[in-house]
Amino acid sequence: MKNIAVIGYGVIGKRVADAVNVQDDMKLSGICDVISDWRIQNAVRKGYAVYTATPEAEKEMKAANISVDGSMADLLEKVDLVVDCTPKNIAAKNVETYKKRGVKFIVQGGEKHKTTGHSFSAENNYESAVDLNATRVVSCNTTSILRTLTALKRADLLDSARGTLLRRATDPWESHLGGIMNTMVPEKEIPSHQGPDAQSVDPNLDVVTAAVKVPETLSHLHYWNVKLNRKSSKEEVLEAFKTSTRIQFIRYDQGLVSNNTIKEMYLDMGRPWGDMYEVALWEDMLKVEGDELFYAYVVDNQAIVIPETIDAIRALTGLETDGIKSIEKTNQSLGIL
Ligand SMILES: NC(=O)c1ccc[n+]([C@@H]2O[C@H](COP(=O)([O-])OP(=O)(O)OC[C@H]3O[C@@H](n4cnc5c(N)ncnc54)[C@H](O)[C@@H]3O)[C@@H](O)[C@H]2O)c1
């Protein structure tokens, strides 16, 4: 049993906390944040021990009648590993504290590869993270790229891949604060950062991405053109994708024709927040023409990194040295069939 802390109880942190809480080989020792509103009050309702990141936050939490279990330093005393889910760049600063205290840590995809020197994607490089002191779980888009291209690579089909990413404008709960409307905003640089980011896990991938921000909040949608090593068939490519337990085929003829219908299905399935941990890839749209492959899929940006984070915890703490076993255990615990 390993003791785990979650620092930053936002979109990703609250999901990581719940996911840790349902594992039988790790214990959530507490969560730590600077907020004192409904978000942290829900953590209290769930029975999580709440710690404060700053003395000012402690005052505010106490004023809001939130029972505080201690400071971030107190929490770090109790744990084997920290999952830092604070916003971009804050985790990079916290890292110095974790290092000084000799606590293992995981950061999320908003941080740079150099923050940890290791970037993680379970089906690609689990074993390389075993017993390390730190890793970075790559971003939602990068995770989906690695899952799909790694499956093609395993089947010795992948030559090179070119993808266009339609990125959600903002997270649903923050829609009142910003996000674009009645427009689409292409990123100026090609490649967009996700292709190079995938290479931080697998330097041998020949991958180029371009990205455009679109006016919706549910999920990202990717279109891929892949050059295969040889002429292949749709059946062979589908078999390759089936080797990933975290790619879910979806079909138009089952009414799954858009990201909102997919979201509704996962809500109906009873997943927390309607979360889709899998990459939802259109089986009937997928096309193979000789040595060229075309497909599209949807990425639930708020959910896809959650199983990856649980696997990263097992790898770093040495709870499991075999990636396949950890992935199976995580899948079972989160209802990934
Ligand atoms: N939102 C997504 O779709 C998504 C997807 C994949 C990866 N990520 C990455 O996950 C990380 C977290 O993103 P998020 O969307 O969950 O952010 P968020 O803004 O929803 O949550 C961050 C939380 O950290 C708290 N916080 C801020 N400063 C803090 C401090 N000094 N100490 C403790 N807590 C502090 C905030 O109050 C907030 O509750 C980022 O690296 C991001 O790039 C986000």
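Both ligands and their constituent atoms are indexed starting at 1 by order of listing. Note that these values count all heavy atoms, side chains included, but never hydrogens, waters or copies made by symmetry.
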- request: With heavy atoms of Ala53 as the reference, note each atom of ligand 1 found under 4.0 Å away.
  value: 32 (N), 33 (C)
query: What protein heavy atom sits nearest atom 8 (N) of ligand 1, and how far off is it?
result: Ile12 CG1, 3.8 Å
field: Donor-acceptor side-chain pairing of Asp18 and Tyr48 below 3.5 angstrom
entry: yes
message: Which residue and atom name correspond to the protein heavy atom nearest atom 12 (C) of ligand 1, and how close is it?
response: Cys85 O, 3.3 Å
- prompt: How about atom 17 (O) of ligand 1: does it have a protein heavy atom within less than 4.0 Å?
  reply: no
query: In terms of the angle between their ring planes, are Tyr98 and Phe105 parallel, tilted or perpendicular, with boundaries placed at 30° and 60°?
result: tilted
- request: First locate atom CZ of Arg154, then atom OG1 of Thr243, and finally report the distance between them rounded to the nearest 0.5 Å.
  value: 3.5 Å
message: Give the atom numbers and elements of ligand 1 that come within less than 4.0 Å of a heavy atom of Ile7.
response: 33 (C)
message: To check your reading of the model: name the closest protein heavy atom to atom 3 (O) of ligand 1, its residue, and the distance in Å.
response: Asn301 ND2, 2.8 Å
- prompt: In the protein, what heavy atom is nearest to atom 26 (N) of ligand 1, and what distance, to one decimal place, separates them?
  reply: Asp33 OD1, 3.7 Å
- prompt: Heavy atoms, side chains only, cut-off 4.5 Å: are His118 and Ser128 in contact?
  reply: yes
- prompt: Is ligand 1 under 4.0 Å from a heavy atom in the side chain of Val107, in the backbone, in both, or in neither?
  reply: neither
statement: Out of Asn141, Ile306, Thr86, Asn89, the nearest non-hydrogen contact to atom 40 (C) of ligand 1 is supplied by Thr86
- prompt: Are side-chain heavy atoms of Asp131 and Thr321 found at a separation under 4.5 Å?
  reply: no
message: Which of the numbered atoms in ligand 1 are under 4.0 angstrom from any heavy atom belonging to Ile35?
response: 37 (O), 39 (O)
message: In this structure, does ligand 1 have an atom that sits under 4.0 Å from one of the heavy atoms of Arg168?
response: yes
statement: shortest atom 42 (C) of ligand 1-to-protein heavy-atom contact is with Gly110 N, 3.9 Å
message: Please check this pair: side chain of Lys14 against backbone of Ala43, looking for a donor-acceptor N/O pair closer than 3.5 Å.
response: no
statement: One should read off an interatomic distance between Met276 CE and Arg271 CZ, to the nearest 0.5 angstrom, of 9.0 Å
- prompt: Nearest protein heavy atom to atom 19 (O) of ligand 1, by residue and atom, and its distance?
  reply: Pro87 CG, 4.1 Å
query: Do we see a donor-acceptor contact under 3.5 Å between the side chains of Ser244 and Glu123?
result: yes
task: Do me a favour and list the nearest non-hydrogen protein atom to atom 20 (O) of ligand 1 with residue, atom name and distance?
output: Val11 N, 3.0 Å
message: Under 4.0 Å from a heavy atom of Asp171: which atoms of ligand 1 are those, numbered in the order shown and with their elements?
response: 1 (N), 2 (C), 3 (O), 15 (O)
- prompt: Quick one: are His222 and Gln194 in side-chain contact, heavy atoms under 4.5 Å?
  reply: no
task: Starting from atom 31 (N) of ligand 1, find the nearest protein heavy-atom neighbour and note its residue, name and distance.
output: Ile90 CG2, 3.7 Å
- line: Paired with Asn301, the side-chain contact (heavy atoms from CB on, under 4.5 Å) test is passed by just one of Asp171, Leu218, Val11, namely Asp171
